[in-house]
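Worksheet: the structure to be examined is printed underneath.
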Amino acid sequence: MASEAEQRAFHGTLRLSDRGQNALVAAALRAGALATPIVPKVAGVDLVQVVALGHRVLDAARDARGLPPPASVRPPGDGPEQDVRIHGRAPLVRVRLAALGVGTGPRTAVIYAGRLGARLTPALVFTRFLGLQEALLTTLAALSTWWITGRALRPVEDIRRRLAAIDMDEPGARVPEPGGDDEIARLAHSVNGALSRIGDVKRRSDHVLRELRRFAADASHELRTPLAGLRAELEECRLYPEDTDVPTMIDCALSDVDRLEAIVADLLLLTRVEAADGAGRAPVDLPELVRHEVSLTVGRWPVRTRLDEGLLVRVVRPQIARVLANLLDNAQRHAAASVEVHLRRCGGFAELSVSDDGAGIPVADRERIFERFARLDDARSRDRGGTGLGLAIAREIAHAHGGTLEVGDAPSGGARFVLRIPLA
């Protein structure tokens, strides 16, 4: 809006023009040359009245005809000029006047010259223009803020809509990432990172569930086989008691029970290894443990050893003994003529290898043999397999101790199992 100083200067100019019109009318009145109706000589000063005593209008300009004279405003005797502001007939119409007294005594008259407040167009237009401009700018600012905010938050809405539509069966689902490196772009990147991690967890959980289902199916199959054999033997004994060789039947039944007991024991051991948290570990002299397990090995092939001394490991002794027993038993079952056991230091690990000179293991089957209840076809057909959990248990024990168990080719052509355990 216009400053107060500007408004004062503008209204001062108006007052001067009003007084100038008064002076012109006073001069014409003294000269007896006042026209009827009065013709204003100053532009914009349309309201001119000559009022005698008793509020009688002697003459007036065309626009002031019919307007009542200002009844209560007369210049004082010591100052013939005065500026007044009165209200017209309409409630919103204001009149600015300059009053000038002319003559003395009964012939005293007052000349009023001014203009309607509504006709003060420069100030009103300027003020109203600035007010309209302010309202327009406020509206434009509000619209701009709404548009800019909507445009800035549109990617957030896209992210929200995509998140709401994502199905967890879509592991690769992602939200759109806007360009740039602002907060919204970083938010979308973080959301996609979280979705990626959720997808990884889901894939791992799905894999674990599949493995559990397959494990349950394999365990059921392995347990059902000796149970079915035991049931068949008992039913045959009941149907044909006179034809049953009781000692032979008992031996067969005990063999099936032994197999059931071995499977259950291996399942229990596998569960304990997976749930172990390092409890029960103690320093163990690994060469001494290897010699002890080799001495307990029952097999038709000799076992040659080459052991480095002074290799101390911190392990659960019965579990590492079980790994050695499984590897030695596996080598004895598949060797053609000999088994070799080597123990050496390899960096911060003790490396134990058990090799045989048998047929070896095809590359395609070298990971499958560590699966639970996995057997190669020839082993199954020759009925030389154990519970099917030996190598799976061995690898789980190795991993539980921070080590590894792998299989490769032996120098003699057979299979070579390599166990690595961190040194104490």
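By the 4.5 Å heavy-atom criterion applied to side chains, His401 and Val316 are counted as neighbours. Residues Arg231 and Glu236 form no side-chain contact, since every pair of their non-hydrogen atoms from C-beta on lies 4.5 Å or further apart. Using a 4.5 Å heavy-atom cutoff, the side chains of Leu311 and Leu343 are in contact. Side-chain contact between Asn330 and Val354: absent, with no pair of heavy atoms (C-beta onward) separated by less than 4.5 Å. At a threshold of 4.5 Å between non-hydrogen side-chain atoms, the residues Arg204 and Val201 count as touching. Counting heavy atoms from C-beta outward, Asp357 and Trp301 have side chains that stay 4.5 Å or more apart. Using a 4.5 Å cut-off on side-chain heavy atoms (C-beta onward), Phe349 and Leu423 make no contact. By the 4.5 Å heavy-atom criterion applied to side chains, Val294 and Thr305 are counted as neighbours.
Remark: Leu195 CG to Lys202 NZ distance equals 13.0 Å, nearest 0.5 Å. Separation of atoms CG (Leu260) and CG (Leu227) is listed at 4.5 Å; rounding is to 0.5 Å. In this structure, Ile393 CD1 and Leu405 CG are separated by 12.5 Å, a value rounded to the nearest 0.5 Å. A distance of 8.5 Å separates CG of Asp308 from CZ of Arg344, quoted to the nearest 0.5 Å. Distance check, rounded to the nearest 0.5 Å: CG of Leu234 to CG of Leu230 gives 4.5 Å. Taking CG from Leu389 and CD from Glu396, the interatomic distance works out to 10.5 Å, rounded to the nearest 0.5 Å.
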* Mind running side-chain contact (heavy atoms from CB on, under 4.5 Å) on Val175 and Asp158 for me, showing each step along the way? => CA-CA 8 Å; Val175 299; Asp158 294 340; over 6 Å; no
* Decide yes or no on side-chain contact (heavy atoms from CB on, under 4.5 Å) for Arg304 and His342, but give the supporting numbers first. => CA-CA 8 Å; Arg304 295 195 298 269; His342 295 168; over 6 Å; no
* Is there a salt bridge (charged side-chain N to carboxylate O under 4.0 Å, His left out) between Asp329 and Arg322 once you walk through the steps? -> CA-CA 10 Å; Asp329 178 66; Arg322 175 62 187 270; over 6 Å; no
* Could you walk me through whether Arg154 and Glu157 pass the salt bridge (charged side-chain N to carboxylate O under 4.0 Å, His left out) check? -> CA-CA 5 Å; Arg154 188 176 301 123; Glu157 175 61 20; over 6 Å; no
* Can Leu328 and Phe417 be said to form a side-chain contact (heavy atoms from CB on, under 4.5 Å), step by step? -> CA-CA 10 Å; Leu328 290 170; Phe417 287 85; over 6 Å; no
* salt bridge (charged side-chain N to carboxylate O under 4.0 Å, His left out) assessment of Asp256 paired with Arg259 -> CA-CA 5 Å; Asp256 290 334; Arg259 179 165 176 75; over 6 Å; no
* To do: Determine, step by step, whether Arg291 and Glu288 satisfy the salt bridge (charged side-chain N to carboxylate O under 4.0 Å, His left out) criterion, reporting the C-alpha distance in whole Å, the side-chain angles of both residues, the deciding distance to 0.1 Å, and the verdict.
  => CA-CA 5 Å; Arg291 279 190 290 268; Glu288 183 274 328; over 6 Å; no
* To do: For Ile320 and Ile421, run side-chain contact (heavy atoms from CB on, under 4.5 Å): C-alpha distance rounded to whole Å, both residues' side-chain angles, the deciding distance at 0.1 Å, then the answer.
  => CA-CA 10 Å; Ile320 299 301; Ile421 301 176; 3.6 Å; yes
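Minimum heavy-atom separation, Arg162 to Ala173: NH2-CB, 3.8 Å. Asp245 approaches Thr248 most closely through the heavy-atom pair OD2-OG1, 2.8 Å. Across all their heavy atoms, Glu233 and Ala253 have their closest contact at OE1-N, 3.4 Å. When all heavy atoms are compared, the tightest approach of Val48 to Pro40 is CG2-CG, 4.3 Å. For Ile38 against Val50, the heavy-atom pair with the smallest separation is CD1-CG2, 3.7 Å. A pairwise comparison of heavy atoms in Val303 and Gln332 identifies CG2-NE2, 3.5 Å as the closest pair.
With Ser196 contributing its side chain and Asn192 its backbone, the two residues share no donor-acceptor pair below 3.5 Å. A donor-acceptor distance shorter than 3.5 angstrom exists from the side chain of Ser144 to the backbone of Leu140, with no hydrogens or angles considered. Side-chain atoms of Ser295 come within 3.5 Å of backbone atoms of His292 as a donor-acceptor pair (strictly under, hydrogens ignored).
Between Glu406 and Arg366 no salt bridge is recorded (no basic side-chain N to carboxylate O distance below 4.0 Å). A salt bridge links Glu367 with Arg395; the closest basic N to acidic carboxylate O contact falls under 4.0 Å. Using a 4.0 Å cut-off between charged side-chain N and carboxylate O, Glu183 and Arg186 make a salt bridge.
For NE2 of His189, the number of neighbouring non-hydrogen atoms (other residues, nucleotides, ligands) closer than 6.0 Å is 12 at most.
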